[in-house]
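Working notes for the structure below.
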Amino acid sequence: MMLRSLCRTGGALLQQTQRAVPRLWVTPAQQRWASSLPMNTVVLFVPQQEAWVVERMGRFHRILEPGLNFLIPILDRVRYVQSLKEIVIDVPEQSAVSLDNVTLQIDGVLYLRILDPFKASYGVEEPEYAVTQLAQTTMRSELGKLTLDKVFRERESLNSNIVHSINQASDEWGIRCLRYEIKDIHVPPRVKESMQMQVEAERKKRATVLDSEGMREAAINVAEGQKRAQILASEGEKAEQINKAAGEAQAVLARAEAKAKAICMLSDALTQQNGDAAASLSVAEQYVSAFSKLAKESNTILLPSNTGDISGMITQAMTIYSTMAKKGPKVPEAAQLKSEDHASQSSQ
């Protein structure tokens with residue numbers, strides 16, 4: 001009962017003290033947390049991911065950890081409540097001038113977290129507002145180092161540079177900037193039109209270059225194809241000529257062999273009985289056949305005086321054959337003996 005009454009008395013005195021504070025002395029940061037500042041009820045339960053900064057008789061005393069905590073009434077007071085969660089701050093749109101004197105309208109999103117509740121409470125007034133202003137000034141300074149084209153191409157490096165610059169100043173405030181992202185970049189209408197024309201010209205240039213490269217590759221391919229076709233045609237013609245020459249050589253050899261065999265067979269046949277008569281008949285047939293083809297092969301014809309005497313022609317051909325046979329090589333003795341034996345056997 002005594003503890004309960006003591007808590008009630010302390011709470012009443014604390015409410016009276018807060019009511020006595022003039023509203024003009026309350027800063028915007030205190031107004032932001034005024035609705036969430038807890039009363040000293042001796043027994044306090046701190047939620048997870050929150051840090052309560054306690055002052056004793058106006059001076060910093062300690063930071064309450066999540067869970068069960070005890071405070072002395074009247075002497076102790078929860079002065080600040082800091083959230084340890086990741087905080088998202090929308091950076092308002094602002095104007096910045098690039099290195100090539102183009103005015104841009106850029107807005108972004110800032111992600112930060114409170115690492116030291118003591119520094120965040122006593123190191124700076126309104127830490128979120130301070131970080132937002134620092135992000136805007138850093139953004140303007142970083143954009144002034146880049147041209148318009150690099151702003152669009154190097155957004156990641158721009159974000160990392162802004163985060164690095166913010167962290168250098170916010171370490172004294174107990175705040176850590178995790179990342180910064182640029183949401184929108186607005187350029188003037190005329191600059192936008194010129195950029196569109198530049199993009200179209202670049203695309204036309206690429207199309208022309210690609211078209212010319214395609215034509216060049218096509219011409220090279222056609223020339224290479226013609227070269228290979230000519231090489232293959234020449235190799236084919238060469239192989240054809242070689243094969244034709246080889247075929248003609250084989251044909252000549254075959255004809256020579258056939259002619260040699262025919263001569264051997266003819267010479268053997270002439271040594272047989274009645275060989276002269278057969279030779280005379282063959283010569284007469286060839287003579288008559290050649291004489292009959294004279295008028296077919298040429299317009300100029302030389303005719304003997306006795307064209308009507310067929311028997312005379314045959315007799316003349318046989319006389320020529322007999323004369324050539326007498327002047328020819330003598331028959332070997334073995335063949336002569338063989339023919340004489342054959343003649344004697346036939347006469348018996």
Check your understanding: Does a side-chain N-to-carboxylate-O contact under 4.0 Å join D171 and R176?
Key -> yes
Check your understanding: Within the side chain of S234, is there an N or O that forms a donor-acceptor pair under 3.5 Å with the backbone of I231?
Key -> yes
Point to revise | Sidechain-backbone polar pair: D76 side chain, N40 backbone, donor-acceptor under 3.5 Å | key: no
Exercise for review: List the atom of L44, the atom of L71, and the distance in Å for their closest heavy-atom pair.
Suggested key: CD1-CD1, 3.1 Å
Check your understanding: When you check the side-chain N and O atoms of S83 and Q49, is any donor under 3.5 Å from an acceptor?
Key -> no
Point to revise | Flag, side chain of E55 to backbone of V78, donor-acceptor distance under 3.5 Å | key: no
Exercise for review: Would you name the heavy atoms of V109 and K183 that are closest together and state the gap between them?
Suggested key: CG2-CD, 3.3 Å
Exercise for review: Apply salt bridge (Lys or Arg N to Asp or Glu O under 4.0 Å) to E224 and R228, showing your working.
Suggested key: CA-CA 6 Å; E224 189 69 23; R228 293 183 181 179; 3.5 Å; yes
Check your understanding: So do W173 and V131 actually touch side chain to side chain, heavy atoms under 4.5 Å?
Key -> yes
Review point. Sub-3.5 Å donor-acceptor pair from the side chain of N167 to the main-chain atoms of C177, do we have one?
Key: yes
**Study point:** Residues which pass side-chain contact (heavy atoms from CB on, under 4.5 Å) with L253, listed by chain and number, not counting sequence neighbours
**Key:** none
Exercise for review: Take R179 and E86 through the test salt bridge (Lys or Arg N to Asp or Glu O under 4.0 Å) and record every step on the way to the result.
Suggested key: CA-CA 11 Å; R179 57 190 176 276; E86 186 173 349; 3.1 Å; yes
Point to revise | S170 side chain vs I175 backbone, donor-acceptor pair below 3.5 Å | key: yes
Practice item. Keeping the roles fixed (side chain from D211, backbone from A207), state whether a donor-acceptor pair exists under 3.5 Å. Key: no
Check your understanding: Of the options N69, V46, I63, which is the one that meets W52 in a side chain to side chain contact (heavy atoms under 4.5 Å, CB included)?
Key -> V46
Study note, to complete from the structure: Heavy-atom nearest pair, N101 first then V97, reads CA-CG1, 3.8 Å
Practice item. Keeping to residues at least two apart or across chains, list the ring pair (Phe, Tyr, Trp, His ring centres under 6.0 Å) pairs with something in residues 192-236. Key: none
Review point. Judged by atom type as modelled, is there a donor-acceptor pair below 3.5 Å linking the side chain of T138 to the main-chain atoms of A135?
Key: no
**Study point:** Closest approach of E181 to N159 (non-hydrogen atoms, all atoms of both residues)
**Key:** OE1-ND2, 3.6 Å
Review point. Hey, mind stepping through E193 and R190 against salt bridge (Lys or Arg N to Asp or Glu O under 4.0 Å) and telling me if it holds?
Key: CA-CA 5 Å; E193 292 177 1; R190 293 185 179 179; over 6 Å; no
Exercise for review: Say whether T147 and D149, considering side chains only, have a donor N or O and an acceptor N or O under 3.5 Å apart.
Suggested key: no
